[in-house]
A.B. asks: 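Just passing along the structure, written as structure tokens.
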2 protein chains.
Amino acid sequence: MAKPSKENTPITEHLAYLLAQANREINRQLELRLSKEGVPVEQWRILKVLSDGNGHSMGELAGAVLLNHPTLTKMIDRMVSDTLVYRVQDPGDRRKVLMFISDRGKVLCKKLNSLAVDQEEHILESYGDKSTSELKRLLESLIDSSN
Amino acid sequence: MAKPSKENTPITEHLAYLLAQANREINRQLELRLSKEGVPVEQWRILKVLSDGNGHSMGELAGAVLLNHPTLTKMIDRMVSDTLVYRVQDPGDRRKVLMFISDRGKVLCKKLNSLAVDQEEHILESYGDKSTSELKRLLESLIDSSN
DNA sequence: CTTCAATTCTTGAATATTCAATATTTTCAA
DNA sequence: TTGAAAATATTGAATATTCAAGAATTGAAG
């Protein structure tokens with residue numbers, strides 16, 4: 001009888017793989033919806049975080065929208081050109097830049113939110129209410145336990 | 001009483017976001033382990049899929065390792081240079097290229113598997129046996145329901 | 001005070017990914 | 001059997017991301 005080693009487990013059974021696959025699929029669907037407004041998912045996240053009206057530093061934003069710092073800087077450059085957001089130097093700490101959402105950004109964000117809600121609703125239909133909330137709960141606790 | 005609209009749900013409660021966050025974190029951890037052998041996660045996936053010893057076409061591989069086609073081609077180019085895998089034209093359909101793992105690839109794959117198992121074990125410890133298998137189950141069914 | 005380390009953000013060069021176009025082979029209908 | 005459409009993989013140009021270095025500011029120890 002062979003030793004029951006986990007080393008030969010097919011890739012499709014690894015948690016890391018399942019997460020990547022699910023993420024890829026859901027993200028692809030969301031991308032598709034948001035492309036109606038020509039906006040990448042990351043920009044929607046940025047707008048959503050900023051839509052509390054407060055200023056958020058670049059470092060804070062980078063963490064919140066899951067982008068590393070230089071990538072965020074360049075994406076923000078584009079969004080500033082599109083007048084969706086704007087920079088203000090933090091008066092309390094001049095190393096920091098505070099990002100704010102513009103009026104135009106708010107308008108766009110509303111449209112994007114509704115597209116995103118459409119998707120969540122679509123998932124709820126095909127996947128089920130119960131599974132969805134259970135999955136969310138488990139993901140949250142996985143994220144917690146990883147820190 | 002305001003209408004209970006979902007449009008203002010914070011980003012952290014969206015399934016798409018939770019998936020992205022969990023994926024990012026778990027992937028980062030795996031990356032860290034595999035970097036001991038200087039191999040990106042995608043290459044481990046490729047080696048693992050090919051380690052059944054059969055030939056796999058590029059299209060098949062691309063789907064299995066979650067890379068799009070041109071990206072895979074270029075990654076395979078590198079792996080061929082490193083003599084981890086090799087190409088054979090499919091005799092039955094000469095449009096296709098069949099990929100095979102080399103002996104060197106097999107040796108590397110073994111080491112990588114054990115690093116990956118380490119990680120899964122680490123997750124099991126901190127996150128729990130039950131949660132892990134429940135999460136896997138839910139992810140699988142989410143993926144199924146998205147097709 | 002002053003200087004040195006740490007924090008925050010940006011920049012430029014090196015890499016990697018993606019999109020559109022191309023080349024090759026197969027399929028299939030006329 | 002021929003010719004057009006589909007399938008498969010690669011390539012090259014355009015974009016995007018990352019890594020390492022740089023500039024500015026703050027904090028804090030001496």
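First the proteins, then the strands, lettered A, B, ... as listed; each starts at 1.
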A.B. asks: Which residue lies toward the 5' end of DNA chain D, A:R78 or A:P91, if each is placed at its nearest nucleotide?
C.D. replies: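 Closer to the 5' end of DNA chain D: A:R78.
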A.B. asks: Separation of A:K96 atom NZ from D:dA24 atom C1', in whole Å?
C.D. replies: 15 Å
A.B. asks: Within the 4.5 Å heavy-atom criterion, are B:L50 and B:F100 side-chain neighbours or not?
C.D. replies: no
A.B. asks: Find the distance A:D93:CG to D:dG27:C1' and express it as a whole number of Å.
C.D. replies: 10 Å
A.B. asks: What is the distance from CG of B:D77 to C1' of D:dG12, rounded to the nearest Å?
C.D. replies: 13 Å
A.B. asks: What's the CD-P distance between B:Q89 and D:dA9, to the nearest Å?
C.D. replies: 11 Å
A.B. asks: Do A:R24 and A:N27 come close enough that some side-chain heavy atom pair is under 4.5 Å?
C.D. replies: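 Not in contact.
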A.B. asks: B:L47, B:L66: one ILVMFWY side-chain cluster at the under-4.5 Å cut-off?
C.D. replies: yes
A.B. asks: Report the residue (A:P70 or B:E60) whose heavy-atom-nearest nucleotide on DNA chain D is the more 5′ of the two.
C.D. replies: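 It is B:E60, whose closest nucleotide lies nearer the 5' terminus.
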A.B. asks: Indicate whether the side chain of B:Q21 and that of B:E25 have a donor and an acceptor atom separated by less than 3.5 Å.
C.D. replies: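 No donor-acceptor contact under 3.5 Å links the two side chains.
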A.B. asks: Rounded to the Å, how far apart are B:K74 NZ and D:dG12 C1'?
C.D. replies: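 About 7 Å, once rounded to whole Å.
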A.B. asks: What are the 5'-most and 3'-most nucleotides of DNA chain C lying under 4.0 Å from any heavy atom of chain A?
C.D. replies: C:dT7 to C:dA13
A.B. asks: Take atom CG of B:L67 and atom C1' of D:dT8, then tell me their distance rounded to the nearest Å.
C.D. replies: 17 Å
A.B. asks: Less than 4.0 angstrom between a side-chain N/O of A:R94 and OP1 or OP2 of D:dT26, yes or no?
C.D. replies: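 For D:dT26, OP1 or OP2 has a side-chain N or O of A:R94 closer than 4.0 Å.
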A.B. asks: Starting at atom NE2 of A:H69, determine the distance to atom P of D:dA24, rounded to an integer number of angstrom.
C.D. replies: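 Taking atom P of D:dA24 as the reference, NE2 of A:H69 is at 17 Å.
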A.B. asks: Among B:E120, B:K136, B:R45, which one satisfies side-chain hydrogen bond (donor to acceptor under 3.5 Å, both in side chains) with A:H14?
C.D. replies: B:E120
A.B. asks: Can A:T71 and A:N68 be counted as having a side-chain donor-acceptor contact under 3.5 angstrom?
C.D. replies: yes
A.B. asks: To the nearest angstrom, how far is B:N68 atom CG from D:dT10 atom P?
C.D. replies: 13 Å
A.B. asks: Strictly distance-based, threshold 3.5 Å: is any side-chain N or O of B:S102 a donor or acceptor partner for the main-chain N or O of B:L84?
C.D. replies: yes
A.B. asks: Counting only side-chain nitrogens and oxygens, does A:R95 get under 4.0 Å of the OP1 or OP2 atom of D:dA23?
C.D. replies: no
